[in-house]
Each structure stands twice: as structure tokens, then as C-alpha cells.
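Values reported hereafter were calculated over all heavy atoms of this structure, with side chains retained and with hydrogens, waters and symmetry mates removed. Predicted model, so just to flag it, every value in this text is computed and none were measured.
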Amino acid sequence: MDGGAHRLVELPAGSTATVVGIADTAEPYVARRLADLGLTPGTAVTVVRKAPLRDPTLYRFGGTSLCLRAAQAQHVTVRLA
């Protein structure tokens, strides 16, 4: 990951970022699921809120709101908007 890239799981609530890609470390079925959900390069993602125990987190992207667990969100590479 270069200096401007972050993992989606690292962002605080209220942040908006753009998806850069899915990490090579993701299992193929995880990468496919994330892409099927709409987390593809160029997609804007907003961190809406984190659960009290910090997992899962509610994200908004592509007109959809969706909760992801940290184990999934750690594979999404983003650049802050």
C-alpha cells in the first residue's frame, strides 16, 4: 500500500474515501463478494457508524447502506476523498 492508501477498516465514522481496489491477500471468494457488493475501484464509500464494540461497521456506497465486519473491510484499499 502506498502512503496515500488506507484500509477501509481503519477509517473513522464520518470519513469518505474512494475505493482503490481489493488487497491481494483477500481470499478469492472474499474479493469476489466485495466486488459483487459494489466495492469496485472508483466507488465512493462513507463510514456511517461503527457498532459499540467496533464491529460491524455501517458503510454507504452506490446508493446502498451495508454493514461489513472488520475481517471483510480490511481487504478494501481506499484513498481519502
Please report the closest heavy-atom contact between [X] and [Y], naming both atoms and the distance.
X   : Y   : value
Q72 : L34 : O-CD1, 3.8 Å
V20 : V78 : CG2-C, 3.8 Å
A17 : L11 : CB-CD1, 3.7 Å
P12 : V47 : O-CB, 3.5 Å
A13 : R49 : CB-CA, 4.2 Å

Apply side-chain contact (heavy atoms from CB on, under 4.5 Å) to the pair Y59 and V48, showing each step before the final yes or no. CA-CA 5 Å; Y59 300 97; V48 177; 5.9 Å; no

Any side-chain heavy-atom pair from [X] and [Y] closer than 4.5 angstrom?
X   : Y   : value
V76 : I22 : yes
F61 : T43 : yes
P56 : L68 : no

Going hydrophobic residue to hydrophobic residue with side-chain gaps under 4.5 angstrom, can you get from L66 over to V9? no

Does V30 belong to the same Ile/Leu/Val/Met/Phe/Trp/Tyr cluster as V45, with side-chain heavy atoms less than 4.5 Å apart forming each link? yes

If you round to the nearest 0.5 Å, how far is NZ of K50 from CZ of R54? 5.0 Å

Sequence neighbours excluded, every pair satisfying side chain to side chain donor-acceptor pair (under 3.5 Å) that has a member inside residues 15-36: T16-T46

List in chain and number order the residues that pass salt bridge (charged side-chain N to carboxylate O under 4.0 Å, His left out) with R69, two or more places apart in sequence or in another chain; answer none if no residue qualifies. D55

Might you work through the side-chain contact (heavy atoms from CB on, under 4.5 Å) test for L58 and S65, ending with a clear yes or no? CA-CA 7 Å; L58 180 63; S65 294; 4.0 Å; yes

